[in-house]
Amino acid sequence: LNNDVIVTPWWSDRLISALNQVSIVGPVTNYSAGLQKITTDLYNDKDELNKVAGGIYEDYEDNIQEVNWVIGFCMVFKKSLVDEIGYFDESIWPCCGEEIDFCLRAKKAGHKIGIAQGCYLHHDGSATFKAMDDLDYKNICLKNEKHLESKWGKDWYRQEINASPTPQGLCLNLGCGYKHLAGFINV
């Protein structure tokens, strides 16, 4: 759990119960790369946040979307998984990819990874990087992406299971930042 996450009622119960279906699980949020980022009603305080999170749970309940990896702002797994596949890859420090590598190693070992669609947490995002003034975020991400590609192949970034490697029709890459994909409209 990152230091810039605000949890909501029953968050840990919802994530822990998801471990009955998958070996690694993460929640949905307002600030994340990939499929975990969702758009919600606005909230200005903890009570409004909890109301939004409650509404998301009403819509999705305990539904788990199976994916190839989750972002590590918050992820839950059993210690036995670490005992089986090892720790996070510290060569990827600082940030960006150690959790993806961990998930891909778990998948390779036959485990499932999922997003608990009914579990919403607020994530401020990039708090650690903002505190580390001397880091070049873009270059760190590019270096770590090259590391992931050398280990997992050019399609390591595909979070969705069965995602087409070749874009078909109109494809949007929303919230892409610096990571522009060929064949996509990068926004």
Side-chain angles (χ1 to χ4, degrees), residues 1-107 109 111-132 135 137 140-141 144 148 157 159 175 177:
L1 180 65
N2 281 13
N3 62 348
D4 61 347
V5 172
I6 301 172
V7 298
T8 56
W10 303 288
W11 71 279
S12 61
D13 294 335
R14 291 176 179 152
L15 293 176
I16 290 169
S17 70
L19 294 179
N20 293 323
Q21 299 177 55
V22 295
S23 297
I24 301 173
V25 64
V28 293
T29 189
N30 60 298
Y31 185 92
S32 177
L35 300 172
Q36 289 170 266
K37 181 179 180 178
I38 64 170
T39 302
T40 68
D41 292 337
L42 294 177
Y43 46 86
N44 295 304
D45 58 32
K46 181 77 172 181
D47 290 335
E48 291 177 5
L49 166 62
N50 291 342
K51 184 176 179 182
V52 165
I56 291 168
Y57 183 74
E58 286 177 15
D59 290 342
Y60 293 97
E61 295 182 346
D62 296 321
N63 189 54
I64 305 297
Q65 178 182 5
E66 189 177 345
V67 293
N68 289 315
W69 46 263
V70 293
I71 295 295
F73 72 93
C74 176
M75 57 192 292
V76 175
F77 49 87
K78 295 178 181 177
K79 183 182 180 309
S80 59
L81 182 63
V82 175
D83 295 339
E84 178 184 343
I85 69 169
Y87 293 101
F88 286 92
D89 180 352
E90 292 184 16
S91 73
I92 301 177
W93 173 256
C95 105
C96 300
E98 70 279 6
E99 76 276 39
I100 295 170
D101 175 74
F102 186 80
C103 289
L104 293 174
R105 285 188 285 131
K107 277 194 73 73
H111 295 276
K112 292 182 179 181
I113 292 89
I115 299 171
Q117 293 181 307
C119 182
Y120 180 83
L121 305 182
H122 175 83
H123 182 209
D124 282 340
S126 301
T128 301
F129 273 102
K130 291 173 186 170
M132 301 170 134
L135 294 180
Y137 181 74
I140 289 170
C141 290
N144 292 345
L148 289 168
Y157 59 86
Q159 187 177 21

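No experiment lies behind these values; they were computed from the predicted model shown.
Interatomic distance, Ile113 CD1 to Cys103 SG, rounded to the nearest 0.5 Å: 5.0 Å. For the atom pair NZ (Lys78) and CD (Glu84), the distance works out to 12.0 Å, reported to the nearest 0.5 Å. A distance of 4.5 Å separates CD1 of Ile100 from CD1 of Ile71, quoted to the nearest 0.5 Å.
Residues Thr8 and Leu121 are in side-chain contact: their nearest non-hydrogen atoms beyond the backbone lie under 4.5 Å apart. When side chains are defined from C-beta on, Gln159 counts as touching Ile115, because their heavy atoms get closer than 4.5 Å. The side-chain heavy atoms of Ile56 and Ile38, taken from C-beta on, include a pair separated by under 4.5 Å. Annotation: side chain of Val70 is in contact with side chain of Ile24 (closest heavy-atom distance under 4.5 Å). Val5 places none of its side-chain heavy atoms less than 4.5 Å from the side chain of Trp11. Using a 4.5 Å heavy-atom threshold, the side chains of Leu104 and Trp69 count as touching. Considering only heavy atoms from C-beta on, Phe102 stays 4.5 Å or farther from Asp89 through its side chain.
Taking every heavy atom of both residues into account, Glu61 and Glu58 meet most closely at CG-O, 4.0 Å. When all heavy atoms of Leu15 and Pro27 are compared, the closest pair comes out as CD2-N, 4.0 Å. Considering all non-hydrogen atoms of both residues, Ser23 and Phe77 come closest at O-CB, 3.3 Å. Pairing each heavy atom of Asp124 with each of His122, the nearest pair is OD1-NE2, 2.8 Å. Across all their heavy atoms, Ile64 and Ala18 have their closest contact at CD1-CB, 3.5 Å. Among all heavy-atom pairs drawn from Val67 and Leu35, the shortest one is CG1-CD1, 3.8 Å.
In this structure Arg14 satisfies the side chain to side chain contact (heavy atoms under 4.5 Å, CB included) test together with Trp10, Tyr57, Cys119, sequence neighbours excluded.
At least one donor-acceptor pair closer than 3.5 Å links the side chain of Glu99 to the backbone N or O of Gly97. Put simply, the side chain of Asp45 gets close to the backbone of Asp47: a donor and an acceptor are under 3.5 Å apart.
The pair Asp101-Arg105 counts as a salt bridge, with a side-chain nitrogen and a carboxylate oxygen less than 4.0 angstrom apart.
Judged purely by distance below 3.5 Å, without hydrogens or angles, the side chains of Thr29 and His123 never pair a donor atom with an acceptor atom.
Note on ring orientation: taking the six-membered ring where Trp is involved, the planes of Tyr120 and Tyr43 are perpendicular (angle over 60°, cut-offs 30° and 60°).
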task: For the pair Val76 and Leu19, evaluate side-chain contact (heavy atoms from CB on, under 4.5 Å) and give the outcome as yes or no after the intermediate values.
output: CA-CA 8 Å; Val76 175; Leu19 294 179; 3.7 Å; yes
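Applying the 6.0 Å contact sphere to NZ of Lys51 captures no more than 12 heavy atoms from other residues, nucleotides or ligands. Within a 6.0 Å sphere centred on OH of Tyr60, other residues, nucleotides and ligands contribute 12 heavy atoms or fewer.
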